[in-house]
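Comments concern the structure below.
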Amino acid sequence: MKKSVLKVENLSVHYKTDSDQVLAVESVSFSLEEGSCLGIIGESGSGKTSAAMAIMGLLSKKAEISGQVCYYDRELDGLSEQEWQQYRWKKIAMVFQNGLDVLNPVLTVQEQIYECLRRHTKLSKQEAKDRVAGLLEMTGLDPDWGKNYPHQLSGGMRQRVLIAMALSCDPEVLLVDEPTSALDAVAKDEIITLLAKLNKERRLAMLVVSHEIPVIMKLTSKVAVMYAGHIVEEGITKDVIKNPQHPYTRGLLYSAPSLNPYRDLWGIPGETGVSKKEQCCFYGRCNQKLELCRTKAPLLEYVWVERKVACNQGGIVTLLQGQGICKNYEFKGETVKACANCEIKIRSGEIVALIGESGSGKTTLASILAGISLADEGEVRFLGDRVQGNNFTSRIKGIQMVFQDPFSAVNEHLTVGQAVREPLDILRLGSKEERRMAVLKALQDVQLPRDELFLDRRCHRLSGGQRQRVAIARSLVMEPKLLIADEISSMLDSSTQANVLRLLKGLQNSLGFSMLYVTHDLALARKIADRVYVMQKGRIIEHGTIADVFSSPKEKYTCKLVQMMI
Amino acid sequence: MTFLLIITLNFMIPRLMPGDPFTFLSAEEEGQVFISYSQEQIDKYKAYYGLDKPLPVQYGNYLVNLCRGDIGYSIYYNVSVLEMIGKRLLWTVGIVLGAILISTAAGTVMGCFSAWYRDSLLDKLLYFLMITISEIPAFLVGILLLFILAGQFGWFPLFGGMSSFAQYDTSLERAKDILHHAFLPVLTLSLTRVGGFYLLSRNSMLEVLAKDYMRTARAKGLARVRIIFRHALKNALLPVITRVFLSLGAMFGGAVLVENVFSYPGLGRLMREAVMLRDYVLIQGIFLFVAILVLTMNLLADTVYKKLDPRVNYYDG
């Protein structure tokens, strides 16, 4: 095991304001080894920069800091300003977030690098000057630029100056704060390459703070995800990005355009709120929150080797799991395999697309998963309990299904109000008034009118798009955790289809349910789904994230499908 | 353009005042020789100074003379205006410069202290004191100082730029006497100005201290002296320096009051006399002189600022 150069334990930062305390960083621990690079990622205001500043001892007096920061074995917290001088810049340096004000506007760039050298090294004036030129050159900047003032440089040049400045006294630890924000793509790439090179060549221990996932991916080997001052997930960068375990990490990754070339972008709903100390920091925005999460703050714990997650449920839960599902139909004496040993997994809060040509067994699989049809072999489990018959479709927070044909799915002699209320009526859930409110809310969610006139309208007088919305509203009154949508848009014109799908995706994003979206339309699947299962002749032949499957399909059949789509 | 406007106003304002140089002489100050003119004499003098001509003609003549660099002779004193201004100028410049130096230095130092130790007792005390002082008008401060320090205790002379009829053995003694006389006027002027500089430098320093580059400087582990003087003060002083130049004009205004309170033989007192006497030529001369001075200072402020702040040149192209 390598010795850690910088060790942070239980670091907390609170900002005192006149009226109360604002939590910026809460019990953050990590360590940096020689030559390693740790990333901290999170939305703005998640406390990333505060943590870095706390390590440097740079926070204002209004910040209350607790916990330990150790450089090798030397504790840094509690050092006086004077004692700090021995460590700052010489041992631990920082590449500040690029801004016009981060460099002194009335001093030339070279003076600002030069002064570090004069302060911390024993170089003579001339040696120091030569060194400044050398540093600038190393970062890819013509030394002549040193004579300029910061405002005369471009953003990329300033970033290089900041890096040259940070490296001037050969530090062992380098804290890098948002190295590429506000840079164009080319400059961004150059800066990342430069930092990666330095990390490798100088064996620096690096901490990279960024909200940009590509930066973290290219620079770091390990990553910690921060939310509202807490580390919510930690692990090896590649693994975390490929398979996030915390709902927040997943939301963050889903919001990154670079990782989602096809999918529509949807941010994490809600704002970072002030959370109470005793509740999970992500409670307000989590799609799988339980009552427990309101009263118990989860600890960052190992869920497997090299992966820690702070979640009361151990990360994103698996909602529905189908194992070894087989289903055969007898047709004129021949056996048709509709499903052959299908394995499928749907996690909380995600949209899974099931694609394949007509007759590939998609609908059969979907109805088995919902419990509507019975499998010959295999089992389906919903949150660990076996799905049998209508045991999950007939309850609140269970599974609901929306069918392909809106005209036959809803009894057309019912009024809109009756049709939407029907599941509640059948199950005798809630009082009359509560049912009415549930219906109105569901209608509002699917953006249908809520007036009496509309509620009393017979379903056969509605258009296809309206009827499909009524069908969706009817599922929503049951507050499903999983919505199985079987080709729901195939009978709609493309504009209505776009409206219904955006609506559904929006609802999914804000209400946080999971969805299995069965379709033969690849372009659609690619737009809305997070993961995809490809079915052919009753078998699931490939599955993975949308980006993986569509940009590098492994199976021949998938290749064909993807090519056909283009 | 600005200059022409100033010249025009300069010409018009004295003539808009009631009375003229000759009829008004009767309303003399006490102690002055009382002279009255007959109508004949008045007409003769008016013709002599060109005051009998219509205003536009007078204005034209004034401009022509100005272009030749001739600002004329005082009507009352019969002495070249330039010469009169020259005699009095040094006195005024002396107290104004002294006051500027003292108020800027004291204001800046206190402002920086206040900012550095923000919200401490020192800061609060200084802040209160400076606000109070800067709110008292100059002439009141002057009169108070005069009454107490000069009148009551007799530490300082009551009036004048130097002791009258005094013989000096050495020039050092002479300088001492001048300084002794100048002390109260300079103090008065400084007191009225110091608050402004204090507030400005305090604000400016506070702003600079909150900037990111101050954190950068701290992170680099630089010596405290270097952080304060090289990184903070160089930025914080920029607005103060501009203000020094710009406030010179106002300072001359203040000097007029102060010189009259202390009967100090400067330009301000001369101006008052000129106004009392309706000495058009002299008034014009002094006004013009002060206007040019203020304009020059503004120009200088710009130039100096450009020298100090590299960002200004940049935006000029």
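Numbers restart at 1 for each chain; the letters A, B, ... are given by sequence-line order, proteins then strands.
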Minimum heavy-atom separation for [X] to [Y], with atom names?
{"X": "B:Tyr213", "Y": "A:Asn104", "answer": "CB-N, 3.5 Å"}
{"X": "A:Cys116", "Y": "B:Lys220", "answer": "SG-CD, 2.9 Å"}
{"X": "A:Met56", "Y": "B:Ala219", "answer": "CE-CB, 3.9 Å"}

Counting only heavy atoms not in [X], do more than 12 sit closer than 6.0 Å to its [atom1] atom?
{"X": "B:Phe229", "atom1": "CZ", "value": "no"}
{"X": "A:Phe30", "atom1": "CZ", "value": "yes"}
{"X": "A:Lys188", "atom1": "NZ", "value": "yes"}
{"X": "A:Asp142", "atom1": "CG", "value": "yes"}
{"X": "B:Leu82", "atom1": "CG", "value": "no"}
{"X": "B:Glu207", "atom1": "CD", "value": "no"}
{"X": "B:Arg118", "atom1": "CZ", "value": "no"}

Side chain, backbone, both or neither: which part of B:Arg226 has a non-hydrogen atom closer than 4.5 Å to chain A?
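For B:Arg226, side-chain heavy atoms alone lie under 4.5 Å from chain A.
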
Listed by chain and number, what are the side-chain contact (heavy atoms from CB on, under 4.5 Å) partners of A:Ser50, not counting sequence neighbours?
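Testing A:Ser50 for side-chain contact (heavy atoms from CB on, under 4.5 Å), a comparison that skips the adjacent residues, returns A:Tyr15, A:Ala24, A:Val25.
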
Would you find a donor on one side and an acceptor on the other, under 3.5 Å apart, between the side chain of B:Arg215 and the backbone of A:Leu58?
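No; judged by distance alone, with no hydrogens or angles, the pair does not exist.
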
Need one label for [X]: side chain, backbone, both or neither, based on atoms under 4.5 Å from any heavy atom in chain B.
{"X": "A:Arg119", "value": "side chain"}
{"X": "A:Leu107", "value": "side chain"}
{"X": "A:Leu59", "value": "backbone"}
{"X": "A:Gln112", "value": "both"}

Top residue by heavy-atom pair count (under 4.5 Å) with chain A, among B:Met214, B:Arg224, B:Lys211?
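Looking at each option in turn, the highest pair count goes to B:Lys211.
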
Can you tell me how far CH2 of A:Trp89 sits from OG1 of B:Thr216, rounded to the nearest 0.5 angstrom?
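It is 7.0 Å, given to the nearest 0.5 Å.
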
Let me confirm one number: the CD1-CD distance from B:Ile227 to A:Glu115, rounded to the nearest 0.5 Å.
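Going from CD1 on B:Ile227 over to CD on A:Glu115, the span is 8.5 Å.
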
